[in-house]
J.: 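Here it is: the structure, laid out below.
Just so you know, residue 1 is the first one in the sequence shown, and it goes up from there.
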Amino acid sequence: IRDSSLVQALNEAERAALRYGPAKLLARKSAATVDSTPDVGLLRGSRGTPFSRTASEFRPEDRTEVGTEAMCAVRADDVIHFGVSGKAEGTAIMEIISGVAEAGESKVFKPSFMPRIGSNSSVKDFVHGGSKTLLASFGGSVAKLELGEARAQVGDLSLSVPPLAQVLIEVNEAVINAEGIGRTHMHASWSGLGQPLVQHTEKKISALLPPLPSEGGVTVQIGDMGQTSLSYDGKIDSLALGNRLLDEDTMHGPILQLASMLNLEEVLAKILNVARVVRNILRSEGINEPKDVIPSERLARFIARCLKEIGTDGKHRADPEPSSLEKVLLGLVQEVIEAKGLDVTKVTRVLWDFLPQEAARFVKDHTAEVDFAIKWFDSVLRPTEAFQGPDPTLMEEPRPSWRYCRELQEVVPSASRLYEVANLPGKLSHDFENKLCNAGPYLTTKQVEYILRRCDMSDLSRRRFQFLLGLKQRVEKVGGGYGGPAFMPQGMAVGFFSRHSHPGLLCCDRREWQ
């Protein structure tokens, strides 16, 4: 798998950890990768040609950037490799069905089984007959897999799962059209799953991850725009799982070992420490829901304890009396409640004066980043400026459609002219049909549907507008359902769509559409 978002995320996390980690850690690792020759510095990656530059040509920022990338276990251009051995048996079912795509609905296709495709006329009706299309359905297929060792590798990391796992995949629904667009609904169950093993091929270290459920199942649903949902068959107690992760060495130990392979061990250890601190505060203060931090005194106490107890690993016992930090924070909280925003100077001074030594040193070493974060929170909490209304002078200017009416009508017809000609009986003139083709990409989906429904045009122009309608419907779906963690495979769905929206759509040369 190339250009995976997982690879990019791992690489960015490693680079950030090395860049913003303790200076001594970065210096120690940089010294291990830069040759100690007095005149020439050689910066070697684990599988790349050494970068050579004289010592006088090395700038500190260059050494940091190139050295950070070389020390990463996962690079930005790495490819994920999968390998699975084993045997499979099952039943594959493939049926050709007819589907009708209707605009404005949440589902792209409404499958209805086609009894036969025998004559050329039937195929032509489905291919060129408006919104009808041919779909391939794999619903009802079943596969039973008995896996040998499964292995995945990206960069210097290798993940392997022991053999003898059995997987049963049942496809409830799977339809796809000629453009690779469709939806899937299937269920996968497994048994005999062992503990995954992660290895760092360069450092020669390994970590045995916490055991996954040896038996279980998941339901996978992938929509037409790549939105993905996973639902586990059993019930997962997330609270108990989180407590085990924080308390049991058998849970967080292997995860810290994995983090060390990605140069994230210290970062993850601090995150777990902060999580234990917050859990201890929530328990001791009796905070179970967000409403429990009201009124402002309780909110100020909660924030004060979070700041002062950093690094205590959740073992601190707080004094019931208000601290000096609580009194200072109470004033800042009141200003936010009164819609005055955050005082950046005061907040910075509070961090410098009251944070534990290690946390305060981090704030001083990364003043610009911390200042940016405080200003961002200030922009979120501060009310927006009052709307002054539109500029009255703009109302006196003529609209562009009036100023350039004649020039525009020489290229494309106006909307009123379009509807007027569309309602006339008879076939469209050749000249107006060409103008309509030029205006097509700029029309709305409903206008294109109206033209297809009312205009009597040539078969060539009709196929062009049918193709255009399909593209516009896909664009609407992309705009209405883009982004979010559930859309991880969405790039593939958008890629299939983009492959068919080529520049030739704007060209009115009839030879390209024959």
J.: Using modelled atom types only, decide if a donor and an acceptor are shared between the side chain of His200 and the backbone of Lys203 within a distance under 3.5 Å.
T.: yes
J.: What closest approach, in Å, do Leu245 and Met251 show between heavy atoms, and which atom pair accounts for it?
T.: CA-CB, 4.0 Å
J.: Below 4.5 Å, heavy atoms only, C-beta onward: do Val7 and Ile80 meet side chain to side chain?
T.: yes
J.: Please name the pair of heavy atoms, one in Gly314 and one in Val277, separated by the smallest distance, quoted to 0.1 Å.
T.: N-CG2, 3.6 Å
J.: Look only at the side chain of Glu173 and the backbone of Arg183, and say whether a donor-acceptor pair between them is shorter than 3.5 Å.
T.: no
J.: Taking all non-hydrogen atoms of both residues, which atom of Ala339 and which atom of Pro383 are closest, and how far apart?
T.: O-CD, 3.3 Å
J.: With rounding to the nearest 0.5 Å, note down the distance linking CG in Leu355 to CZ in Phe362.
T.: 11.0 Å
J.: Report yes or no: do Ser296 and Gln334 form a side-chain donor-acceptor pair below 3.5 Å?
T.: yes
J.: Determine whether more than 12 heavy atoms belonging to other residues, nucleotides or ligands lie under 6.0 Å from atom CZ of Phe372.
T.: no
J.: CG of Leu208 to OG1 of Thr250: how many Å apart, nearest 0.5 Å?
T.: 11.5 Å
J.: Identify the two heavy atoms, one from Asp156 and one from Cys72, that lie closest to each other, and give their separation to 0.1 Å.
T.: OD2-O, 4.2 Å
J.: Is any side-chain heavy atom of Leu268 closer than 4.5 Å to one of Leu256?
T.: yes
J.: Could you list all the salt bridge (Lys or Arg N to Asp or Glu O under 4.0 Å) pairs where at least one residue sits in residues 309-319, not counting sequence neighbours?
T.: Arg276-Asp313, Arg305-Glu309
J.: Near Glu358 CD, under 6.0 Å, is it more than 12 heavy atoms from other residues, nucleotides or ligands?
T.: no
J.: Heavy atoms only: give me the nearest Val171-Ala174 pair and the separation to one decimal.
T.: CG1-CB, 3.6 Å
J.: Give, for atom CD of Gln257 and atom CG of Leu209, the distance between the pair rounded to the nearest 0.5 Å.
T.: 9.0 Å
J.: Can you measure from NZ (Lys235) to CG (Asp233) and round to the nearest 0.5 angstrom?
T.: 13.0 Å
J.: With a 6.0 Å cut-off (strictly less than), is the heavy-atom count around CZ of Phe354, excluding the residue itself, greater than 12?
T.: yes
J.: What heavy-atom pair brings Tyr232 and Gly216 nearest, and what distance separates the two atoms?
T.: OH-CA, 4.1 Å
J.: Could you measure the distance from the CD1 atom of Ile281 to the NE2 atom of His316? Nearest 0.5 Å is fine.
T.: 8.5 Å
J.: Has Glu338 got more than 12 heavy atoms of other residues, nucleotides or ligands less than 6.0 Å from its CD?
T.: yes
